[in-house]
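See structure below.
First the proteins, then the strands, lettered A, B, ... as listed; each starts at 1. Note: hydrogens, waters and symmetry copies are ignored here, and every other heavy atom, side chains too, is used. Being a predicted model, the structure only gives us computed values, none of them experimental.
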4 protein chains.
Amino acid sequence: MANSKFEYVRSYEVNDACLPNCWIVVRLDGKSFHRFSDVHSFRKPNDERALRLMGRCAMRVMAELSDVVIAYGQSDEFSFVFHRRTAWFGRRASKLMTHTVSLFASSFVFHWLEFFGETVLRFPPTFDARVVLFPTDRCLRDYLSWRQADCHINNLYNTTFWALVQKGGLSPSQAQERLKGTMTGDKNEILFSEFGTNYNKEPEVFRKGTTLIWQKAEKKTVTQLPKTQVSRLDELGSASTYLSKSQKRHRAVVALNVDIIGEDFWQEHQEILAD
Amino acid sequence: MANSKFEYVRSYEVNDACLPNCWIVVRLDGKSFHRFSDVHSFRKPNDERALRLMGRCAMRVMAELSDVVIAYGQSDEFSFVFHRRTAWFGRRASKLMTHTVSLFASSFVFHWLEFFGETVLRFPPTFDARVVLFPTDRCLRDYLSWRQADCHINNLYNTTFWALVQKGGLSPSQAQERLKGTMTGDKNEILFSEFGTNYNKEPEVFRKGTTLIWQKAEKKTVTQLPKTQVSRLDELGSASTYLSKSQKRHRAVVALNVDIIGEDFWQEHQEILAD
Amino acid sequence: MANSKFEYVRSYEVNDACLPNCWIVVRLDGKSFHRFSDVHSFRKPNDERALRLMGRCAMRVMAELSDVVIAYGQSDEFSFVFHRRTAWFGRRASKLMTHTVSLFASSFVFHWLEFFGETVLRFPPTFDARVVLFPTDRCLRDYLSWRQADCHINNLYNTTFWALVQKGGLSPSQAQERLKGTMTGDKNEILFSEFGTNYNKEPEVFRKGTTLIWQKAEKKTVTQLPKTQVSRLDELGSASTYLSKSQKRHRAVVALNVDIIGEDFWQEHQEILAD
Amino acid sequence: MANSKFEYVRSYEVNDACLPNCWIVVRLDGKSFHRFSDVHSFRKPNDERALRLMGRCAMRVMAELSDVVIAYGQSDEFSFVFHRRTAWFGRRASKLMTHTVSLFASSFVFHWLEFFGETVLRFPPTFDARVVLFPTDRCLRDYLSWRQADCHINNLYNTTFWALVQKGGLSPSQAQERLKGTMTGDKNEILFSEFGTNYNKEPEVFRKGTTLIWQKAEKKTVTQLPKTQVSRLDELGSASTYLSKSQKRHRAVVALNVDIIGEDFWQEHQEILAD
């Protein structure tokens, strides 16, 4: 049985290599996570177990695909930024997104128990993913800002909404009606005056989402990072295609819950976008 | 904090919709499965537990993405054929491949225990995936034939190789040397004369791989299928975009281990490629 | 001065090869031809000189790019259908469309004099072009039908519009108003009862557009084609990539002005879509 | 005759918009220009009429597609750089390359007489074109340097080759043999010692190619540009999509024959890459 007579079908495959010298972002999103969170009784407005699990999965992805220079996640989404010079999988978009999303999804089940304990996982979750290219540092940063601004907007809304429902006794549709047309200041005010909640004191993992970056493992500065909750993944056999051997050594992924829209973060971590 | 000033980055996304009226194949492959199978002590030359687990995951994918009309798998790969008229996710290649591969990967961990029992899963597996388009029925069938011919070639080689090693006492490199340049007939002969193995009596799941198709659930013919091992997934809430409601009802995925290169299979299952 | 240090930029080029086994259509359209036709005093509603010139340019393209199996043109547009098995330029979409459109555009100026005589060409015309793929014969034929139906609809409208203006003494806006909401039958009736024009007796080049196909040069049947005006391009050194040498010989491009929506044309010319 | 039943074929078209915020280069190349130059008795090693004609065509393109910020040409090729923020044709690659190449090709025939006088144009020329994207200023400049370095290398070779043939009495194959393995210095030496030719005194249009840029029309500095031959296209109705009205006014295309590899040119013309 000769394989060769059928092998011509290989020519139907296309090479979808990403344009060189662009930042490559793979963003994944939970599919039907509204239903998923209902079935698994996620806490409202935020389920810290779910967010920590998402962060854990992202760490695995970043450790494995070590050309990722920064990752940012919130809610049921995570974005992974591959270095503009990465040569992973010949920069093929399909390879980059499928490796990323499949490792994330299998990790989600693999680590479920660590975060959800006796809450049984009823069915395996699905995620979709896409690749987006950014030619400049500026538009990459604007992308990340867009996601973090989205986190803020949604979280403030959800925090207020669920306060009205859980503590204020409103029905969901009454709460929705109450919030129609409100601005940031209005919601802060509702939280503060009606429920004694200072939104700015809410946990940063809720308000800022989770940012993963690489840090030198010997640096003990990790714990000095102000206002952040930090977890670590140590001494990974990182196989980056653009870093030299010595650069690769002694790196660890750390998780931060900080502002990445302003200049401070990027001033402090200039290595992220460095060539 | 206005989201709008960053939102322009959305324009960097591309719509990678597949050409209409083509068969869409998503093929996924295990990443570094050589190592994965070593770590988890897979049996050689075939680990039936692993093959059954792969089939189980594929069933989940097919049940969920019910515009898949046929799926074929062998070794650590699986191909899913979406109907040429599918409108899932606007036919976006990235959506199709990432949903498929992430559900497959999460299912792999989810169902591990059912097939591997006390063998602990050490780390979550990764798969890559790609999309390939086929404009005609002929080239789609040639694609599936290509994969099944590949199954045959590899399985015959591996069966003979491991017979030489496990029963013949050869070292791996000696076995490799022995098989260099041998044809199909030679390998059959080695198996038969030296090890008393009639290759054609080897389990069909090894020789033919696994083919998933839809069958009418009320049909009791499932068990009548000759020479096949059949498992079923019943009464799925299949959400196909190209079938009418009545067509969608009462369908179930069945797993076959049969020849799909010849005409017989396609004559018997004309509904697979039907418009 | 070493070239090599800059040569890396080659890697920024992408290979945009068309999916194998699909019909490849290159359609070109005149850019700003409304203005172009005003400046050069084209006759209304149709300028036969312009249509014949377009046909002449298309013949050049077809003779040069002899994997084109059929071309269809009307107004300021022309569509060229490359055989589904063509290997021209490695099926690269950019090559196919730019060769086609640049040869067409340079031919337009080159042959201007033959058709427009003393009407001086004031400035060089521009065309755009695109590539569209069709996986099946059916959708390719529907594409060509779409263009010919478009020809019919526009020509009937324009014929009636200009009759109302040129013979009926209406202003353009009055004519436009008069035709608002009219159906095919209404326009036929206006032409016949008010201007004594039987639309179906209008020249076929106006009503049907121009279709170019290959014919065996020795065949004397060319002149027997009913109701068509035929011109020929003889004995081209056609360099088709999918025909054998003997098939390539003795072919000539002929121009027809016939219906290509119905079955008759395709029954009579089965070689066009033949493998 | 309803058009609507065929109109579904529109969905087969793809939107090939270029990634935002990248420099878009359209490079066109003469097709079979070796034969074209033989048939039309081009002078060797350079035909100044042909080079000037190419430049004239490029000026037309640039004047028409006024989002082109710089164009560079040599031999039978020309590259047009669209501003990274251009919105022409929705940045669709097919539109950009086909408009550019078709206007260039029709201009070539249109202006032929001005440059070639009684030399009759025997047949219309063809060009191909491609689109290449560059995310950074650096790689765009490296692209242009690559083309100018190519001009230098080829021109030095051709100048020496034709000196050996035309003045040295060698046959083409003898000349080829003589030049095998020679470096830049060797060729300069042959030219100088054997033919009394100082290569660096050869016309700059041959050695540097032709660069087109926009200049303020009121500036009288045009003639002050050192070592360049300058021609102008005045007061174009430039329809740029990224410049404000006042910026568009009073611009003219000028042709330079200068070095664009070094820093000087870019220091002097910072407006070219300016946002």
Rounding to 0.5 Å, atoms SG (B/Cys18) and CG (C/Leu19) come to a distance of 10.0 Å
Sort C/Arg138 into side chain, backbone, both or neither according to what part of it lies under 4.5 angstrom from a heavy atom of chain B. neither
C/Asp264 atom CG, over 12 foreign heavy atoms within 6.0 Å: no
Closest contact, heavy atoms only, C/Pro135 versus B/Pro20: CG-O, 3.4 Å
Please classify the contact of B/Leu133 with chain C as side chain, backbone, both or neither, using a heavy-atom distance under 4.5 Å. both
